[in-house]
Amino acid sequence: MAGIGFEIRRILKRDSFLNLFEAYGLAGIISSGPWVLSVLGVMLIGIISFSLRVSDTQIVQFLVSVTYLMAVSLTLSGLFQHVFTRWVADRLYAKRSDLILPNLMGLIWLTTLLSLGLGLVAMVLFFDGTSVLYRLLMLANFVVLCNLWPVTIFLSSMKSYRRIVVVFALGYATAVVGAILLSEFGLEGLLTGLLLGHSLLFFSFFYTIIRQYPGDYFIRFDFTRRRQIFPALILTGLLFNAAVWADKFIFWFHPDTSQPIIASLRASVIYDLPIFLAYLSIIPGMAVFLVRMETDFAEAYERFYNAVREGDTLERINRFRDQMVIVARNGIYEIFKVQGLTVIVIFLWSEEILAAIGISPLYLPLFHIDLVAVSIQLLLLAIQNVLFYLDARGINVTLCALFFFGNILFTFISIELGASFYGYGFAAATLLAALTGLWLLSRKFDKLEYETFMLQGR
Amino acid sequence: MMLTKQPGAPKADIALLLEGTYPFIRGGVSSWVHQVITGLPEYTFALIFLGGDPKHYGKQQYTLPDNVTHLECHYLMDIQAVGKPRPRRGNKAAFETQRCLHAQFKASADVPPDILHKVFADLGQKEGISRDDFLYSEESWEMIDENYRKYCTEPSFVDYFWSVRIMHSPLFQLAEVARKMPPVRMLHSISTGYAGLLGAIASEQRGIPLALSEHGIYTKERKIDLSQADWIHDPTDLVSGTLNEQLGYIRRLWIRFFEALGRLAYQQADPIVSLYQGNKARQLQDGAPEDRTCIIPNGIDPARFDAARQARPETIPRVLGLVGRVVPIKDIKTFIRAMRSVSEVIPDVEGWIVGPEDEDEAYVRECKELVASLDLTERVKFLGFQNVNDILPNLGLMVLTSISEALPLVILEAHAAGLPCLATDVGACRELLEGGSDEDRALGVSGVVVPIADPEATAREAVRLLSNPDQWRKAQQAGLERVQRFYTLDSMFTAYRSIYQKGLNN
């Protein structure tokens with residue numbers, strides 16, 4: 001996914017503070033992607049709606065419905081996230097970019113069918129007592145979201161980054177404006193607004209991709225061939241997203257911490273708001289992460305593997321390995337610093353922030369631990385990304401499994417321990433996975449030459 | 001193939017270890033092997049054939065004599081599907097032994113028997129160094145890493161890495177071949193190289209004698225192949241100083257590898273047989289212990305040429321014959337150029353080039369053009385492949401202008417047919433024409449030796465012999481005597497019979 005790397009490097013070369021700001025801003029938007037931005041968008045819709053004619057119940061129902069849409073669609077498309085990204089990278093390496101578009105089309109078809117099927121079943125089973133329109137809108141939103149995520153894989157490969165920024169702005173403006181205009185229709189109106197916004201995003205990005213990639217076929221399913229894919233990556237994507245949502249689901253369905261909101265959907269008001277708010281805090285760290293990964297680390301990585309492939313001396317191969325380690329370490333430090341600073345600043349102002357949004361100060365301790373937890377999750381993401389570069393698929397599956405099962409276990413324990421420990425389960429799980437990740441990454445780097453040469457073709 | 005009648009019962013007296021020759025490829029070595037097997041019917045033979053790529057070997061070229069009781073073929077380039085790479089530690093002690101072994105190779109010293117025993121016992125075994133250990137273990141990586149840093153003078157690590165891998169992987173297959181080989185009482189390898197190593201392993205592990213016969217010198221031939229091989233990339237380094245440095249490190253690595261294989265075979269074999277003095281000297285230089293070397297030349301059956309000798313006319317025919325394939329190594333052009341000078345002195349002289357012309361068509365064309373341009377079309381004739389017995393009576397002199405030969409049977413055949421020879425100073429030619437031992441030398445010269453690629457000397461000596469019937473007849477007599485005394489099939493069989501007897505009695 002070199003596109004964005006080149007752009008950022010180009011911007012950074014101009015070497016002024018404004019350009020630095022531009023580069024990190026761009027990186028922030030692209031890396032955080034629709035996920036963090038939709039949290040923002042959805043909250044915005046929620047907040048604005050408070051001042052409109054929509055009843056509080058309906059706003060809560062809207063927020064909870066959207067949260068479920070996000071959780072399930074992200075987990076579902078997690079199935080393809082890494083495996084497809086890797087497949088695309090391999091095809092680009094093999095200079096078969098003509099295969100990418102037809103296969104993206106194939107992936108979208110597959111996702112559409114899968115999400116439509118699952119969505120229909122869910123609509124029938126879990127949504128008794130809601131309007132047909134609500135159900136249809138939920139279904140439509142679900143399908144669109146499931147399709148939006150795979151398309152965002154391509155964001156960082158796009159050269160026209162200004163277009164991305166504009167599309168994001170337009171998409172969320174449409175969602176917010178649409179929701180407000182349709183707010184007189186209540187819950188259904190808000191969902192329609194969101195559907196319009198996300199559809200605009202999806203189709204615009206898809207259009208851009210179609211313009212950018214050549215293709216002689218309409219649709220192909222090469223990415224489902226066993227010989228071209230790595231099953232471990234399917235598991236990684238699924239487990240990571242499931243892990244991110246595991247504690248939330250537990251809180252939603254644990255009788256002590258949740259209440260029914262709409263049909264079978266339950267929510268945990270005490271738990272949800274702080275954590276979604278906390279997710280917004282990772283935007284700066286995400287930006288640093290993308291810039292470091294796509295520029296310095298990608299370069300160091302290329303240097304190392306070129307040295308390996310093109311017959312350099314072992315001394316130089318070792319040296320490039322060491323440089324790669326340093327760059328990875330610096331990148332992680334830098335994310336740590338920027339994210340740490342962000343967390344401290346938000347800590348200082350957290351009371352004011354919660355007050356401004358109208359959340360009770362009772363949530364403060366939970367908000368604090370959530371801030372720490374999502375920051376560690378970001379570190380985990382960075383570590384996993386380095387591991388993806390090094391093709392350590394096994395380690396990544398292990399980490400995701402650790403994160404997933406750790407989150408389930410620790411969350412249950414935290415619920416047992418009582419309200420003041422809420423959030424600590426999730427934090428402990430991220431910490432466990434991140435520390436294990438650091439240890440395994442360092443071991444991986446130690447044996448990198450051995451594994452690169454002796455175990456090739458593994 | 002037949003099953004052994006009882007466990008442990010020898011399947012054959014002697015296992016012949018054959019690398020890329022009999023019974024799949026025709027040629028000098030293969031016909032020699034066939035002669036030995038048929039000439040010693042009292043022994044049974046098991047054939048262990050080692051080839052490179054199975055695609056290079058067609059169907060069997062020889063009908064196996066009845067005393068061959070077993071044939072097995074192994075292809076060293078036939079990379080079997082190896083399991084998926086998995087990380088493993090590797091056996092520290094076994095790799096330590098390997099370090100000792102390689103240190104001995106580097107010092108060109110003999111390997112102490114206890115180390116050799118452990119190396120062979122470890123090779124390809126789970127408890128030692130299995131193929132997977134070699135390919136995937138950390139110990140193996142450490143050794144590659146270490147040796148590259150210490151010795152490799154070429155920049156590309158990846159080339160070094162793959163050379164080491166490709167070089168060593170047939171060894172694991174050889175170890176398995178050695179273990180699974182049917183029980184025999186003695187081993188006889190027809191070259192060093194992989195076959196020689198197989199012999200060394202099997203002989204060391206089973207405690208049975210190993211005889212080694214070398215026709216060419218394997219290590220030297222490999223050296224020539226390797227210095228020309230274009231699958232090895234040399235670094236384009238224009239500032240290299242010595243000649244040794246000009247030959248890239250990877251090439252030298254390969255050469256040293258085959259030298260080491262040769263050394264292991266020499267260390268284990270008794271006797272180490274060569275065809276003539278020159279090759280024996282080469283063996284000694286490559287590390288063969290002198291007390292175990294001996295010379296057993298190839299032989300012919302002189303009686304087969306009695307008719308040709310009796311068909312010889314009274315006068316010496318003014319015809320120079322060159323019997324051999326029309327290929328550059330035979331240096332036909334020197335023969336043609338020499339014919340030019342000879343025809344200046346003896347105008348009615350003729351030059352016959354007798355041999356197949358299908359191997360190197362470009363070279364054949366060049367030769368024919370040279371004949372035309374020297375205005376020799378009347379004098380020099382290309383006869384193609386002919387029955388040598390029909391040709392020999394009509395020749396006045398057998399000429400060999402080759403730039404490389406081992407022990408050319410043509411000279412023996414010519415001598416048996418009463419024909420003196422003129423040959424270049426390569427291989428065994430001087431021994432064949434002037435005598436090897438003192439006793440042999442006392443017979444007198446049976447021809448003339450000239451330097452390679454020297455048409456003038458060739459012409460001068462040819463004219464001298466042809467125009468001096470006394471000298472010619474003396475040479476004829478000496479040649480006939482020499483062949484009958486030292487170069488008969490029977491004397492060769494007797495020599496090998498005694499080697500086998502000695503080996504089997506132990």
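Throughout, protein chains are lettered first and strands after them, A, B, ... in sequence-line order, and every chain is numbered starting at 1. If you're wondering where the values come from, they're calculated on a predicted model, not measured in any experiment.
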How are the rings of B:F157 and A:F453 set relative to one another: parallel (under 30°), tilted (30 to 60°) or perpendicular (over 60°)?
perpendicular
Around atom [atom1] of [X], are there more than 12 heavy atoms from other residues, nucleotides or ligands closer than 6.0 Å?
X	atom1	result
B:F24	CZ	yes
A:R329	CZ	no
B:R149	CZ	yes
A:Y333	OH	no
B:K92	NZ	no

Closest approach of A:V308 and B:V158, non-hydrogen atoms and distance?
O-CB, 3.4 Å
Shortest non-hydrogen contact from B:L135 to A:M454?
O-CE, 3.0 Å
Starting at [atom1] of [X], measure out to [atom2] of [Y] and round the result to the nearest 0.5 Å.
X	Y	atom1	atom2	answer
B:E146	A:L314	CD	CG	12.0 Å
A:T313	B:Y148	OG1	OH	4.5 Å
B:S156	A:I317	OG	CD1	8.0 Å
B:W141	A:L455	CH2	CG	10.0 Å

Hey, does the side chain of A:Y450 reach the backbone of B:Y136 with a donor-acceptor pair shorter than 3.5 angstrom?
yes
Side chain, backbone, both or neither: which part of A:R309 has a heavy atom under 4.5 Å from chain B?
backbone
Relative to chain A, which segment of B:S140 carries a heavy atom at a distance below 4.5 Å: side chain, backbone, both, or neither?
both
